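Take a look at the structure below.
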Amino acid sequence: GELATAEAAKAAYGERLAAMVIDLLILGGAMLAFLLLVMLAHLGTQADWLGQATQIVLILAAFVGRNFYFFAFEAQARGATPGKRILGLR
């Protein structure tokens with residue numbers, strides 16, 4: 001309730017923005033690594049259907065990653081994403 005609101009107000013806007021940028025870099029790096037793995041699988045197999053499957057998998061991965069990354073970390077006991085932890089925010 002009130003304690004959580006008071007703690008949230010302590011962090012400056014710039015700190016929270018920096019934490020979000022860190023989190024988006026982590027999420028983007030994970031998506032890029034996933035994309036490279038899928039592309040290597042496509043190149044290695046030369047399967048025609050894998051090109052279309054790659055697009056579908058990437059769209060699903062982007063949706064799941066974006067929607068559940070923040071939820072998964074915020075729902076833990078520490079209640080902070082890696083970006084917030086790096087900057088010492090809660």
Side-chain angles (χ1 to χ4, degrees):
E2 293 179 30
L3 181 61
T5 304
E7 287 182 19
K10 288 181 184 177
Y13 177 76
E15 292 174 314
R16 295 208 173 271
L17 180 61
M20 174 66 87
V21 169
I22 292 169
D23 287 327
L24 291 176
L25 287 172
I26 292 169
L27 191 56
M31 290 295 300
L32 182 60
F34 182 72
L35 171 64
L36 291 174
L37 287 174
V38 172
M39 287 175 62
L40 287 173
H42 177 66
L43 290 173
T45 61
Q46 296 295 323
D48 291 333
W49 62 269
L50 197 52
Q52 292 175 341
T54 300
Q55 293 174 359
I56 294 168
V57 168
L58 288 175
I59 290 169
L60 288 173
F63 173 79
V64 169
R66 171 62 183 95
N67 288 301
F68 295 108
Y69 173 87
F70 295 99
F71 173 76
F73 285 110
E74 296 286 347
Q76 292 178 359
R78 292 189 63 185
T81 62
K84 288 180 182 177
R85 288 182 192 163
I86 289 169
L87 295 179
L89 303 174
R90 180 168 161 81

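Residues: numbered from 1 along the sequence shown. Quantities reported herein were computed from a predicted structural model and do not represent experimental measurements.
Between Pro82 and Ile26, the shortest heavy-atom contact is CB-CD1, 3.7 Å.
Note: the hydrophobic cluster containing Met20 also contains Leu27 (ILVMFWY, side chain heavy atoms under 4.5 Å, direct or indirect links). Linking Ile, Leu, Val, Met, Phe, Trp and Tyr residues whenever their side-chain heavy atoms come within less than 4.5 Å leaves Leu89 and Val21 in two separate clusters. If you chain together hydrophobic residues whose side chains sit under 4.5 Å apart, Phe73 and Phe70 fall into the same group. The hydrophobic clustering, which links ILVMFWY residues whose side-chain heavy atoms are closer than 4.5 Å, places Leu24 and Tyr69 together.
Among residue pairs with one or both ends in residues 57-77, those qualifying as salt bridge (charged side-chain N to carboxylate O under 4.0 Å, His left out) are Glu74-Lys84; sequence neighbours excluded. Sorted pairs that involve residues 17-46 and meet salt bridge (charged side-chain N to carboxylate O under 4.0 Å, His left out), not counting sequence neighbours, are lacking altogether.
The CE atom of Met31 sits 6.0 Å away from the CG atom of Leu58 when rounded to the nearest 0.5 Å.
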